[in-house]
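Heads up, the thing below is written out as structure tokens.
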Amino acid sequence: MPDKQSKLNELLVDEEELNEELLFEVLSDYIRIGSESGNLVTQAPFRELKSHQKVLVVLLSQKARTALDLAESEWMTPTEISNASGVKKGTVYPAVRKLAEDLNIAEDDDGSYRIPSYNLDKARSLVRGDSE
């Protein structure tokens with residue numbers, strides 16, 4: 001029986017382990033991060049994204065900012081997302097609800113949102129427009 005147990009253990013992964021290469025791949029066309037301020041500097045392709053894709057990129061950027069010690073938390077409120085993305089707050093609310101409730105990409109914690117690491121591949125597909 002120990003052989004089966006140890007073999008199954010190979011299926012276990014750390015759900016919060018950050019795949020930095022994948023995160024970089026998703027974000028590199030759309031944003032840069034100020035090395036001193038931590039502020040987002042959007043690139044031209046960012047402006048071509050749909051609102052929910054912009055919101056997703058900002059939430060992913062917050063994950064990167066946290067990993068770079070430029071932010072304290074991955075969680076963002078709709079107001080913070082709006083300020084960082086330029087998307088009107090009235091548009092951010094339905095976008096984050098879509099990401100959390102309909103698409104199961106974002107997590108909601110009492111009005112703050114984040115993208116868990118295990119959803120990076122799903123997020124990449126949505127940013128690319130592979131799945132709407």
Side-chain angles (χ1 to χ4, degrees):
M1 193 69 163
D3 280 348
K4 286 183 183 178
Q5 180 76 24
S6 63
K7 197 66 175 167
L8 292 176
N9 282 335
E10 293 178 30
L11 298 173
L12 299 175
V13 296
D14 180 355
E15 295 170 306
E16 288 306 314
E17 184 178 337
L18 179 60
N19 182 334
E20 290 183 5
E21 283 182 41
L22 180 55
L23 186 57
F24 174 81
E25 178 189 327
V26 175
L27 294 175
S28 62
D29 288 340
Y30 304 105
I31 61 103
R32 297 293 182 269
I33 301 171
S35 59
E36 295 296 317
S37 67
N39 292 335
L40 300 185
V41 180
T42 59
Q43 305 299 292
F46 180 84
R47 294 183 271 291
E48 304 301 318
L49 296 172
K50 296 176 184 174
S51 295
H52 68 279
Q53 292 169 312
K54 288 179 181 179
V55 167
L56 181 55
V57 167
V58 167
L59 286 170
L60 291 169
S61 299
Q62 186 70 2
K63 180 178 266 320
R65 291 175 66 233
T66 304
L68 293 165
D69 291 325
L70 295 170
E72 290 182 23
S73 171
E74 292 182 18
W75 297 91
M76 294 183 82
T77 66
T79 299
E80 291 168 330
I81 295 167
S82 175
N83 291 341
S85 67
V87 175
K88 293 180 181 174
K89 201 169 11 172
T91 303
V92 170
Y93 283 104
V96 290
R97 281 195 298 276
K98 177 179 182 173
L99 292 171
E101 297 169 13
D102 299 342
L103 300 174
N104 294 315
I105 292 177
E107 290 182 333
D108 175 5
D109 182 25
D110 199 28
S112 289
Y113 297 85
R114 77 173 188 129
I115 307 299
S117 294
Y118 58 82
N119 276 343
L120 285 180
D121 198 46
K122 263 173 112 171
R124 174 178 56 185
S125 293
L126 185 61
V127 170
R128 287 181 175 168
D130 297 343
S131 61
E132 295 288 324

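As a basis for the values below, the full set of heavy atoms in this structure was taken, side chains included, without hydrogen atoms, waters or symmetry mates. Numbers here simply count residues along the sequence, with the first being 1.
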To the nearest 0.5 Å, what is the distance between OG (S61) and CG (L70)?
-> 11.5 Å

May I ask you to test the Y30-L27 pair for a side-chain heavy-atom distance under 4.5 Å?
-> no

Set of residues satisfying side chain to side chain contact (heavy atoms under 4.5 Å, CB included) with respect to P94, sequence neighbours excluded = R97

Heavy atoms, side chains only, cut-off 4.5 Å: are H52 and L126 in contact?
-> yes

Nearest 0.5 Å please: distance from the CD1 atom of I31 over to the OG atom of S85.
-> 12.5 Å

M76 and A84 have their tightest heavy-atom pair at CE-CB, 4.3 Å

Could you give all pairs that pass the salt bridge (charged side-chain N to carboxylate O under 4.0 Å, His left out) test and reach residues 80-89, with sequence neighbours left out?
-> none

Honestly curious: do W75 and Y93 fall in one hydrophobic cluster under the side-chain, below-4.5 Å linking rule?
-> no

Side chains of V57 and V127: does their closest heavy-atom pair fall under 4.5 Å?
-> yes

Do the side chain of N119 and the main chain of N104 share a donor and acceptor less than 3.5 angstrom apart?
-> yes

Contacts table for residues 33-40: side-chain donor-acceptor under 3.5 angstrom, sequence neighbours left out:
residue, atom, partner, partner atom, Å
S37, OG, N39, N, 3.0
S37, OG, N39, ND2, 3.3

Given L120, which of L60, V26, I105 fulfils the side-chain contact (heavy atoms from CB on, under 4.5 Å) condition?
-> L60

Residue pair L56 / Y113, side-chain heavy-atom distance below 4.5 Å | no

Residues pairing under salt bridge (charged side-chain N to carboxylate O under 4.0 Å, His left out) where one sits in residues 18-31, two or more places apart or in two chains, turn out to be E25-R124, E25-R128

Over all heavy atoms of both residues, which pair between P78 and G111 is shortest? Give the atoms and the distance, please.
-> CD-O, 3.2 Å

Which heavy atom in Q43 sits nearest to a heavy atom in V41, and how many Å separate them?
-> NE2-O, 3.2 Å

Kindly write out the residues that satisfy side chain to side chain contact (heavy atoms under 4.5 Å, CB included) with S51, not counting sequence neighbours, or none if the list is empty.
-> V87, T91

Can you check whether N19 reaches S117 side chain to side chain, under 4.5 Å on heavy atoms?
-> no

Check A71 against Q62 and note the closest heavy-atom contact, atom names and distance.
-> CB-NE2, 3.5 Å

If you look at every heavy atom in F46 and K54, which pair is closest and at what distance?
-> O-CE, 3.2 Å

Does some side-chain heavy atom of I115 sit less than 4.5 Å from a side-chain heavy atom of K122?
-> no

